[in-house]
Amino acid sequence: MTYYAGLDVSLKEVSICIVDDDGALVAQGTAPADPEGVAGWLKTRSLAPKRIVHESGQLSIWLQRGMVQLGLPAICIDARKAHKSLSARLNKSDSADAEGLAQLARMNWFTPVHIRSEESDRVRALVGGRERLIRLRKDLEGHIRGVLKAFGIRMTGIGQAQQRQGFRDQLAAAGETDPVLRTIADGFIAAHITLCKATADFDRALKAKSKSNPVTRRLMTIPGVGPIVSLSFVALVDDPDRFSKTSDVGAFLGLTPRRHQSGQMDWSGRVSKCGDAAMRGLLFEAGSCVIRQVKRFSTLKSWAVRLAGRRGFRKAAVATARKIAVLMLTLWKSETDYQWTQEANA
């Protein structure tokens, strides 16, 4: 008899359901939310499912890696698509969801999710930490500007990183005018120094990683692509062979238009914005940089500037972002550098 398992995962425990070839319920229960707990639950009941299915979620990456290391045939599936099937059930509960996932495993009616390597997740955590520190620093600076305006103090802008010391000097000077502002300035200057130092440490670590990785060095030959964009792209894609066609990476990143077709109706809308929003934002910045800041001539810049003249800057920047993503995947697969005199095939 062949068995199939469905796991509904929460932070503390996992609801497990086992069904057979005919879809009949074989066993049901709960186990601790860790790979060893699931393996122990199956072992005590002498059950060896052919396929174990669980949805993508907060613990899904860690659970998937752990269960695979223990020899369990686990598959992480797309939670959004699984929801379409599970929502058809009348009652919503953890045990009911586990049974629904087991039935999906039996019918093989699901979309697997790629689980990235641990090294890719480490890089993504580093990039995400840098982004969070930058947001905290900007929030702090914006808060200070708003507070001081109530006292008629208008601070100058920060156009470059070297001007952040000037921001602190202005804040210190404002603190000399009032005891309360002095207290605020002392606390926020210390916090601002800490955030700036931590961000600089993250930048150095990311630059060192990008220089030591031959793939990211190759991707940085593309106009507008720097260490952060290349590292983020490599960490997100993880395996270039996931895409049979390089053009598929545009849809993966949500940079292709939505389409709705039904009978006589057929229209295309704005980009889908599916996938990783942070990566999409970095690519948009790279596309904007190609159009406005890159001075050296390339066929990519020529194409982007002409498109901006016809369709406007924002649409051209999105299209350039999509083209850069396709170029990066193309160079990654072909193991070649970007040719400034002749655009790489994409």
Side-chain angles (χ1 to χ4, degrees), residues 56 76-84 110-116 120 124 127-128 131 215-216 218-220 222-226 228-292 294 298-334 338 343-346:
S56 56
C76 183
I77 68 174
D78 192 334
R80 293 174 301 174
K81 296 183 179 180
H83 175 73
K84 301 291 185 181
F110 54 80
T111 302
V113 173
H114 175 76
I115 301 298
R116 290 182 295 270
S120 293
R124 283 175 57 81
V127 173
E131 180 189 9
V215 176
T216 55
R218 181 175 298 116
L219 298 187
M220 284 191 290
I222 300 173
V225 176
I228 305 300
V229 177
S230 59
L231 274 175
S232 299
F233 184 81
V234 170
L236 179 64
V237 173
D238 189 47
D239 180 11
D241 295 329
R242 294 168 57 190
F243 303 95
S244 57
K245 296 188 298 182
T246 55
S247 58
D248 292 341
V249 73
F252 171 71
L253 294 169
L255 291 170
T256 55
R258 290 180 179 269
R259 186 183 182 190
H260 179 77
Q261 184 182 44
S262 179
Q264 302 301 316
M265 183 185 300
D266 188 0
W267 57 266
S268 296
R270 297 178 181 273
V271 293
S272 65
K273 294 187 179 180
C274 295
D276 191 87
M279 185 72 247
R280 192 164 52 251
L282 289 173
L283 287 171
F284 182 84
E285 291 180 11
S288 303
C289 180
V290 169
I291 297 173
R292 289 182 168 175
V294 175
S298 67
T299 49
L300 175 63
K301 178 176 177 62
S302 177
W303 173 85
V305 171
R306 290 199 308 270
L307 183 61
R310 295 195 310 268
R311 304 300 300 274
F313 172 77
R314 290 187 63 84
K315 289 184 178 180
V318 172
T320 306
R322 180 170 61 248
K323 195 172 186 66
I324 288 175
V326 175
L327 276 171
M328 285 197 288
L329 188 59
T330 300
L331 299 186
W332 190 354
K333 282 189 169 187
S334 63
Y338 179 80
E343 185 175 354
N345 295 325

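These figures come from a predicted structure and were not determined experimentally.
Thr299 OG1 to Tyr338 OH: the interatomic distance, rounded to the nearest 0.5 Å, is 4.0 Å. Here the straight-line distance linking atom CE of Met220 with atom CG of Leu331 works out to 13.0 Å at 0.5 Å rounding. Remark: Leu282 CG to Ile324 CD1 distance equals 11.0 Å, nearest 0.5 Å. Atom-to-atom distance recorded for Ile291:CD1 and Trp303:CH2 is 8.0 Å, nearest 0.5 angstrom. Note that CZ of Phe233 is 7.5 Å distant from CG of Leu283, once rounded to the nearest 0.5 Å. Remark: Leu253 CG to Cys274 SG distance equals 10.5 Å, nearest 0.5 Å.
A donor-acceptor contact shorter than 3.5 Å is absent between the side chain of Ser302 and the backbone of Ser298. Remark: the backbone N or O of Pro223 is not paired with any side-chain donor or acceptor of Lys301 at under 3.5 angstrom. Counting only distance, with no hydrogens or angles, the side chain of Arg258 and the backbone of Ser272 share a donor-acceptor pair below 3.5 Å.
Side-chain contact between Val234 and Ser120 is absent, with no heavy-atom pair separated by less than 4.5 Å. Counting heavy atoms from C-beta on, the side chains of Trp332 and Thr246 never come closer than 4.5 Å. Counting only heavy atoms from C-beta outward, the side chains of Val318 and Phe284 approach each other to under 4.5 Å.
Contact detail for Leu219 and Val225: the closest heavy-atom pair is O-CG1, 3.5 Å. Closest heavy-atom contact between Arg116 and Leu236: CD-O, 3.5 Å. Nearest approach of Arg322 to Thr256, heavy atoms of both residues: CD-CG2, 3.9 Å. Of all heavy-atom pairs spanning Pro240 and Lys333, the tightest one is O-CE, 3.0 Å. The two residues Ala278 and Glu131 make their nearest non-hydrogen contact at CB-OE1, 4.2 Å. Here the shortest heavy-atom pairing between Arg259 and Ser268 reads CG-OG, 4.3 Å.
Not a single salt bridge (Lys or Arg N to Asp or Glu O under 4.0 Å) links Arg311 to another residue, sequence neighbours left out. For Phe243, the ring-ring contact (aromatic ring centres under 6.0 Å, His included) test picks out Phe252, with sequence neighbours left out.
Neither side chain, Asp239 nor His114, offers a donor N or O lying under 3.5 Å from an acceptor on the other.
Pairs passing the side chain to side chain donor-acceptor pair (under 3.5 Å) check and including a residue from residues 273-290, sequence neighbours excluded, read Arg124-Asp276.
Within a 6.0 Å sphere centred on CZ of Arg292, other residues, nucleotides and ligands contribute 12 heavy atoms or fewer.
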